[in-house]
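One structure below.
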Amino acid sequence: MPASSPPHRQPEVFPSAIDRWLILIVTVGPLIATAAGIHTWLDGNPNDAAMLFLAGAFALLLTLLFMLPCRYTLSDDTLAIRCGLIVFHVPVNEITDLRPTSTLLSGPALSLRRVEIKTRNRRYIVSPRDRERFISTLRAAANLPDA
């Protein structure tokens, strides 16, 4: 009789929370470049206006490439942390601690309502929308005691 393998977990996706102030910060630069481009266009400088439009569009595109999508996917043995083009794969068995935080440290998080995940070698700062469910689900997957 073959040995039975443990049941596989369906990957669970936790989208990032997004703070409104962050949306404002991300969009204000391109909006200023657009407003300056319109003003420059109306002043009769279409080449300068085009450069401002392109700079604003490029800044917005580059920012969005490194921000969206921002989500955390928990599978059987890995937590995949994705924020735009940046992806980390954290083995669940390497997680040593996790706790709620509101640190300003850089991380793939779009909110200040964050979770710090510690492994033997590094820490990750994330901001799942449902922080409490994320913490309890990840604690169970990593076999960590309740805090």
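All heavy atoms count here, side chains included; hydrogens, waters and symmetry mates do not.
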Here the gap from Q10 atom CD to L74 atom CG, rounded to the nearest 0.5 Å, amounts to 12.0 Å
Across all chains, not counting sequence neighbours, the salt bridge (Lys or Arg N to Asp or Glu O under 4.0 Å) partners of D130 are R133
If we ignore hydrogens and angles and just use 3.5 Å, is the side chain of R114 paired with the main-chain N or O of S111 as donor and acceptor? yes
N47 meets the side chain to side chain contact (heavy atoms under 4.5 Å, CB included) criterion, sequence neighbours left out, with none
Margin query: Counting only heavy atoms from other residues, nucleotides and ligands, does the tally under 6.0 Å from CZ of R20 exceed 12?
Written below: no
Separation between OG (S16) and CZ (R82), nearest 0.5 Å, reads 13.5 Å
The side chain to side chain contact (heavy atoms under 4.5 Å, CB included) partners of T73 (sequence neighbours excluded) come to P11, V13, R71, A80
Applying side chain to side chain contact (heavy atoms under 4.5 Å, CB included) to L144 and not counting sequence neighbours gives I95, L98, R139, A142
Residues at least two apart in sequence or cross-chain that pass side chain to side chain contact (heavy atoms under 4.5 Å, CB included) with L85, listed by chain then number, are L65, F66
For T40, the side chain to side chain donor-acceptor pair (under 3.5 Å) test, sequence neighbours excluded, returns none
Fill in: T101 side chain near V115 side chain, heavy-atom distance below 4.5 Å
no
Value for CE (M51) from CG (N45), rounded to nearest 0.5 Å, stands at 13.5 Å
Closest non-hydrogen contact found for G37 with A49 is O-CB, 3.2 Å
### Query
Is there a side-chain contact between P108 and I86, using heavy atoms and a 4.5 Å cut-off?
no
With sequence neighbours left out, the residues meeting ring pair (Phe, Tyr, Trp, His ring centres under 6.0 Å) with F53 are none
Students should find that the hydrophobic cluster of L31, defined by side-chain heavy atoms under 4.5 Å apart, otherwise consists of none
So OH of Y72 and OG1 of T137: to nearest 0.5 Å the spacing works out to 15.0 Å
Check whether any side-chain heavy atom of P100 lies under 4.5 Å from a side-chain heavy atom of I135, and answer yes or no.
-> yes
**Q.** Side chains of V90 and T78 in contact at under 4.5 Å (non-hydrogen atoms)
**A.** no
Under a side-chain separation threshold of 4.5 Å, the hydrophobic residues clustered together with I18 are W21, L22, I23, I25, V26, L60, L64, M67, L68, L104, L110, L112
Residue set satisfying salt bridge (Lys or Arg N to Asp or Glu O under 4.0 Å) with R123, at least two apart, ordered chain then number -> E116
- Query: So do the side chains of D77 and N93 get within less than 4.5 Å of each other, counting heavy atoms only?
  - Reply: no
Q. Do the side chains of L79 and F134 get nearer than 4.5 Å, heavy atoms only?
A. yes
Sorted by chain and number, sequence neighbours left out, side chain to side chain donor-acceptor pair (under 3.5 Å) with E132 holds for R113
Residue pairs meeting ring-ring contact (aromatic ring centres under 6.0 Å, His included), one or both in residues 76-103, sequence neighbours left out, come to F88-Y124
